[in-house]
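Please read the structure below before turning to the comments.
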Amino acid sequence: MKRLFFTCLTLLTLLSAHAIDIDYSNNGTIAAGIRLGASLYPSFDAEIDIEYRPMRYVGANVGLLLMMPINRSSDVVKELPAVDQTTKTIKDYKDATYQTAVKAGLQFTTPAVMLSKGEMGLSLRLSPGIVMPFPTNKTVTIINTKTETLIVDDIDFSTTDTSEENFSNSGAKFCYWYGRAELVLEYEDNWEFTIGYTHSNFDLYGGSRNIVINDTPIVVADKKKMHNFMLGLTYKF
């Protein structure tokens with residue numbers, strides 16, 4: 001994290017020192033954008049942002065984060081230990097992961113290095129902020145499957161009963177931090193194309209880590225920092 005910070009700071013300084021022909025043609029205070037990303041956790045996500053820029057180089061953003069987790073057996077227990085011939089299985093693995101969150105942060109953008117007269121400019125943007133998933137505590141539906149066997153005259157008669165049961169998490173963390181660095185390509189007056197990287201302590205399974213069934217936690221994966229790579233498109237009004 002320190003290496004990333006100092007690398008971004010160095011790029012920020014170099015861009016500021018060598019910025020030429022700065023384009024002030026669009027100083028609109030409102031912008032809207034979308035970012036599509038992929039995380040090494042793994043998951044895919046889409047972020048829809050509204051940005052407020054009272055000054056060209058300083059602003060703030062708030063947005064909705066939609067996550068599409070890729071579930072793996074190493075992250076979520078497929079089958080919990082059977083007790084009294086009853087097997088408990090998670091109905092839907094996605095119930096154990098966050099899928100929506102609110103993101104809010106600040107934006108610091110360097111002056112643009114113009115690549116062509118008044119048409120394209122390249123700058124660096126740094127964005128620290130917070131992530132607040134909702135609902136904070138997840139509810140997981142468990143399918144109970146109980147099989148009973150009765151032997152009559154050496155003939156096995158088996159019956160299977162299935163029922164559902166809900167387990168709710170408690171004590172989940174409601175706020176996480178993130179830091180994002182983006183290269184911003186400004187095109188003409190209104191468009192911005194971005195490519196970026198986000199580092200965060202966001203826990204994709206944070207909403208269900210405290211659920212324990214039959215002395216076994218639903219989530220068995222270690223907590224990991226999130227590394228997210230994204231492409232974005234922003235329109236300035």
Side-chain angles (χ1 to χ4, degrees), residues 1 4-5 7-9 11-12 15 23 26-71 94 97-113 115 119-135 174-207 224-237:
M1 184 63 183
L4 174 65
F5 174 78
T7 300
C8 292
L9 187 62
L11 289 173
L12 179 70
L15 280 174
D23 179 15
N26 189 334
N27 288 320
T29 58
I30 301 296
I34 183 170
R35 293 175 176 85
L36 302 178
S39 170
L40 300 180
Y41 208 97
S43 67
F44 295 107
D45 58 79
E47 180 182 340
I48 304 170
D49 278 332
I50 297 295
E51 302 173 5
Y52 174 63
R53 304 172 181 176
M55 294 181 286
R56 181 175 175 83
Y57 305 117
V58 179
N61 67 282
V62 62
L64 177 65
L65 180 64
L66 305 174
M67 291 160 282
M68 293 154 281
I70 302 172
N71 296 290
K94 292 182 180 179
T97 66
Y98 285 129
Q99 297 177 56
T100 52
V102 172
K103 294 186 74 171
L106 300 175
Q107 294 182 338
F108 303 97
T109 307
T110 67
V113 176
L115 305 180
E119 292 184 357
M120 291 191 296
L122 186 65
S123 57
L124 177 67
R125 178 172 296 149
L126 301 180
S127 304
I130 58 174
V131 183
M132 295 173 288
F134 66 91
F174 72 94
C175 186
Y176 300 85
W177 58 261
Y178 76 88
R180 180 163 61 206
E182 294 177 296
L183 282 177
V184 182
L185 179 65
E186 297 182 57
Y187 180 70
E188 295 185 342
D189 288 344
N190 300 97
W191 296 99
E192 290 180 354
F193 301 90
T194 61
I195 180 171
Y197 164 76
T198 299
H199 183 70
S200 175
N201 70 336
F202 181 73
D203 183 5
L204 190 63
Y205 294 98
K224 304 175 184 177
K225 293 290 194 302
M226 182 165 281
H227 304 275
N228 188 277
F229 300 89
M230 74 206 71
L231 295 173
L233 176 65
T234 300
Y235 183 84
K236 298 181 289 185
F237 295 96

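None of the values given here were measured: they were computed from a predicted structure. Quick note: residue numbers are just sequence positions, from 1. We use all heavy atoms of the structure for the numbers below, so side chains are in, but hydrogens, waters and symmetry mates are not.
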Say you draw a straight line from [atom1] of [X] to [atom2] of [Y]; how long is it, rounded to the nearest 0.5 Å?
| X | Y | atom1 | atom2 | value |
| --- | --- | --- | --- | --- |
| M120 | F193 | CE | CZ | 10.0 Å |
| K94 | I70 | NZ | CD1 | 10.0 Å |
| N61 | S127 | CG | OG | 6.0 Å |
| L185 | T194 | CG | OG1 | 10.0 Å |
| E47 | M230 | CD | CE | 7.0 Å |
| I30 | I50 | CD1 | CD1 | 7.5 Å |

Residues, nucleotides or ligands: over 12 heavy atoms within 6.0 Å of I195 CD1: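 Count not over threshold, so no.
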Exceeds 12 heavy-atom contacts within 6.0 angstrom, atom NZ of K225: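 Incorrect, the count does not exceed 12.
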Compare every heavy atom of [Y] with every heavy atom of [X], then report the nearest pair and how far apart it is.
| X | Y | answer |
| --- | --- | --- |
| S123 | A112 | CB-CA, 4.1 Å |
| A101 | V131 | CB-CG1, 3.8 Å |
| P69 | S43 | CA-CB, 3.7 Å |
| A46 | M68 | N-CE, 4.3 Å |
| D45 | A38 | OD2-N, 4.3 Å |
| P111 | Y57 | CA-CE2, 3.5 Å |

If you define the side chain from C-beta out and look only at heavy atoms, does anything of [X] sit under 4.5 Å from [Y]?
| X | Y | value |
| --- | --- | --- |
| N228 | Y197 | no |
| T109 | M55 | no |
| L183 | L124 | yes |
| V102 | F134 | yes |
| D49 | R35 | yes |
| Y98 | P135 | no |
| S39 | F229 | no |
| M67 | F202 | yes |

Worked verdict on T97 versus L204 for side-chain contact (heavy atoms from CB on, under 4.5 Å): CA-CA 6 Å; T97 66; L204 190 63; 4.3 Å; yes
Ring geometry between H227 and H199 (parallel below 30°, tilted from 30 to 60°, perpendicular above 60°):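 H199 and H227: tilted rings.
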Ring geometry between Y235 and F237 (parallel below 30°, tilted from 30 to 60°, perpendicular above 60°):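 It falls in the perpendicular class, over 60°.
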SB check R53 E192 (cutoff 4.0 Å):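 Answer for the salt bridge query: yes.
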Salt bridge R125-E186, side-chain N to carboxylate O under 4.0 Å: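 Salt bridge absent between R125 and E186.
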Validation row, ring centre Y176 to ring centre Y178 under 6.0 Å: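 Not close enough - the centres of the two rings lie 6.0 Å or further apart.
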Audit row: T234, E51, side-chain contact (heavy atoms from CB on, under 4.5 Å) steps and yes/no: CA-CA 9 Å; T234 300; E51 302 173 5; 4.1 Å; yes
